[in-house]
There are 2 protein chains.
Amino acid sequence: MSTIKDVAARAGVSFTTVSHVLNGTRRVSDAARARVEQAVAEMGYAPSAVARALKTSETFVFGVLVPNITNPFFAELTRGIEERCRQTDYSVFLCNTDDESELQTHYLQTLLERRVDGLLLAAAAGEPEPLVRRLGFARVPTVVVERRIPGLEADLVRVDHDAGARLAASHLAALGHRRIACLSGPSRFLVSRERTAGWVAGLQEAGIEIRADWMLEGDFSAAAGHALAHELLRQREVTAILAGNDMMAIGVLRAAAELGVSVPGELSVIGFDGIDMGSYMFPALTSVGHPIRELGEMAASVLLERLGKRVLPVREVVMAPHLIERASTGPAPKG
Amino acid sequence: MSTIKDVAARAGVSFTTVSHVLNGTRRVSDAARARVEQAVAEMGYAPSAVARALKTSETFVFGVLVPNITNPFFAELTRGIEERCRQTDYSVFLCNTDDESELQTHYLQTLLERRVDGLLLAAAAGEPEPLVRRLGFARVPTVVVERRIPGLEADLVRVDHDAGARLAASHLAALGHRRIACLSGPSRFLVSRERTAGWVAGLQEAGIEIRADWMLEGDFSAAAGHALAHELLRQREVTAILAGNDMMAIGVLRAAAELGVSVPGELSVIGFDGIDMGSYMFPALTSVGHPIRELGEMAASVLLERLGKRVLPVREVVMAPHLIERASTGPAPKG
DNA sequence: TTTCTCAATGCAAACGTTTGCAGAGCGTGA
DNA sequence: TCACGCTCTGCAAACGTTTGCATTGAGAAA
């Protein structure tokens with residue numbers, strides 16, 4: 001690769017001048033500028049970001065830690081982050097941690113060595129302690145997505161799951177449903193607990209009885225939704241199901257199809273997350289959507305702001321979900 | 001951030017020694033080594049990859065250009081790339097080009113400035129000329145995925161779509177189907193043409209007549225599959241449909257559900273790509289799957305090999321697809 | 001004691017930039 | 001003619017590493 005000095009030689013100026021032309025950091029005569037620009041074009045010169053980073057101690061790179069880019073949620077999130085970064089010439093280092101604590105610290109170390117200007121943590125599995133200690137040394141501006149990490153002073157961007165769950169509950173209530181089952185995710189996840197709390201609050205507000213045997217727990221997978229729904233639908237008692245996420249709702253839809261229960265005629269189903277896949281189901285899945293890409297963009301924006309003002313107090317940004325009405329919910333059947 | 005000199009001072013040795021301890025590049029007495037290691041631990045020192053990169057002119061970073069990480073295909077591909085890189089301490093710069101020529105060249109420039117050690121191109125929209133010229137200057141080892149770029153001397157890793165399509169065709173033939181429709185993707189894409197060619201060859205081999213009015217072209221979207229299937233199923237002539245990809249097949253499934261055509265009783269449907277979503281359909285979608293993650297891993301492997309031996313002749317690696325038999329195909333109906 | 005070998009360590013240049021400082025050249029007002 | 005101000009330009013240090021070369025000191029061989 002050619003260097004700034006090669007360009008300077010070809011243009012017949014000092015490399016200082018080349019630098020200033022490239023960065024627009026001081027006046028350069030039109031003649032010199034033209035010669036430099038021509039030399040750059042002829043040689044296909046690309047200034048070394050690594051030398052620049054060494055000198056300025058800014059890399060214009062953010063590190064992004066996600067459990068698994070294959071999960072549509074994180075794909076969309078990453079996309080949002082990347083999109084926001086694009087506007088400000090930041091690039092993104094992507095790391096899949098597989099929710100493994102060890103990989104997570106390994107990647108964190110790598111990112112710190114690479115001197116990223118900021119960190120977006122959408123993954124935070126296992127013990128936070130080593131992670132927090134590592135970050136404490138480095139003092140890299142950090143934004144956490146969806147999960148507060150104890151001991152870490154970082155901005156947080158998250159979705160208001162409680163409000164979303166209330167939305168789902170009141171939607172069903174408004175359609176006249178009274179016999180409603182809840183299929184929650186694993187209660188060890190904060191998201192699950194928040195969503196369940198929202199359902200309960202929403203149903204209570206509508207004066208709907210909450211039967212303990214209609215509160216089932218799954219693991220966020222379609223298989224779990226499928227199995228739980230089979231069990232639940234045998235009695236044909238409930239007229240609607242609140243699912244902890246879209247994958248579980250898809251499992252429910254499938255169980256209903258197998259059992260000949262018509263949706264939404266006999267049963268209404270509402271999911272959570274608003275993933276694209278839901279719209280390809282038959283019937284298309286009604287869901288509580290959150291603006292995942294916006295979540296990513298917001299996370300990046302918060303980080304960019306943090307770069308400017310390190311002394312800003314720690315922020316928490318909460319994004320509101322919304323109802324995506326498609327075809328899997330309808331009026332409660334008579335009787 | 002602390003530097004190698006800070007560590008040296010604390011450990012009471014020269015920074016040369018610290019460097020050698022860190023890299024294991026020459027013998028260091030046990031005493032000195034211990035002191036250095038302790039100092040590193042106490043200070044949470046992380047060596048600067050950017051200084052190292054400047055000195056050694058190796059960044060241990062690959063640039064990855066994909067159209068859209070939100071597309072499951074590219075998510076999985078990226079995942080494979082990243083997984084392979086992890087084993088060799090390479091990191092990945094991720095860029096979404098949105099298939100926009102302009103963004104593509106912009107990102108390419110950024111990646112070159114950042115002095116990536118290699119390039120994985122899964123996106124290559126628009127005119128290849130500026131792209132090729134840019135790469136010509138830089139001489140960065142490059143691996144292209146799925147699409148040959150004219151004028152660019154790069155390794156290529158791709159899926160054998162022709163063979164996959166034959167697989168699908170002969171699967172249907174073996175089930176006794178004779179009246180088979182083909183819903184291809186846009187013919188301007190090489191993939192579409194390859195798949196169509198494979199179907200035609202496969203059907204001809206099985207002695208099946210190919211009716212021109214059963215060869216329809218869509219745009220790889222579920223909506224297209226849905227619309228074309230509606231048209232096709234009105235006559236109830238065909239007993240099976242070969243879809244150009246899974247999204248179109250999902251659209252077909254949906255149309256069948258709406259029209260009360262039972263799958264696979266009256267109609268068999270087979271997709272292409274083997275995406276996860278297909279297994280959540282009802283009935284679960286039979287498809288021709290390709291090992292996307294392995295495709296990514298292979299691409300990274302080829303690139304790593306290329307780094308070692310620049311003089312290697314250009315390689316082309318072809319990966320074989322396989323049949324994923326699920327529930328949407330069955331024996332042809334009698335009569 | 002002297003010389004040699006060898007292990008352990010340090011010095012300093014270089015990588016490709018940015019940027020503070022300073023010099024050259026020239027027109028202008030006194 | 002001189003001093004001044006202004007525009008344009010260049011020199012050289014510094015960023016944090018790696019690495020070729022050199023130095024030190026101790027033990028062994030003579």
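A donor and an acceptor atom, one from each side chain of B:Glu113 and B:Gln109, are located under 3.5 Å apart. No side-chain N or O of A:Gln104 forms a donor-acceptor pair with one of A:Glu100 less than 3.5 Å apart. There is a side-chain donor-acceptor pair under 3.5 Å between A:Ser301 and A:Arg84. B:Ser91 and A:Arg114 share a donor-acceptor pair across their side chains, judged by distance under 3.5 Å alone.
Looking at residues 9-32 of chain B, you'll see B:Phe15, B:Thr16, B:Ser19, B:His20, B:Asn23, B:Arg26 sit with a heavy atom under 4.0 Å from some atom of DNA chain D. Proximity of residues 51-59 of chain A to DNA chain D (heavy atom under 4.0 angstrom from any strand atom) is restricted to A:Leu54, A:Lys55.
Here CZ of A:Phe62 is found 10.0 Å from CD1 of A:Ile81. Values are rounded to the nearest 0.5 Å.
In this structure, A:Phe93 has its ring center under 6.0 Å from that of B:Phe93.
Atoms CZ (B:Arg115) and C1' (C:dG16) sit 9 Å apart, rounded to a whole Å. The nearest whole Å value for the distance from the CZ atom in A:Arg35 to the C1' atom in D:dC8 is 12 Å. Residue A:Lys5 contributes atom NZ, which lies 10 Å from atom C1' of D:dA12 at whole-angstrom precision. Atom CD1 of B:Ile4 and atom C1' of C:dA14 are 15 Å apart (whole Å). One can place CZ of B:Phe60 at 15 Å from C1' of D:dT17, the figure rounded to the nearest angstrom.
Of all non-hydrogen atoms in B:Glu82 and A:Asn96, the two that sit nearest each other are OE2-N, 2.9 Å.
A sub-4.0 Å separation between OP1 or OP2 of C:dG16 and a side-chain N or O of A:Tyr45 is absent.
Around CD of A:Glu102, the count of heavy atoms belonging to other residues, nucleotides or ligands within 6.0 Å does not exceed 12. The environment of B:Glu58 atom CD is dense: over 12 non-hydrogen atoms of other residues, nucleotides or ligands sit within 6.0 angstrom.
Remark: A:Arg158 does not engage A:Glu146 in a salt bridge, criterion side-chain N to carboxylate O under 4.0 Å.
With the end axes of the helix from C:dT1-D:dA30 to C:dA30-D:dT1 each set by five pairs, the angle from one to the other reads 70° at 10° resolution.
The only member of B:Val28, B:Val21, B:Ile4 that meets side-chain contact (heavy atoms from CB on, under 4.5 Å) when paired with B:Val36 is B:Val21.
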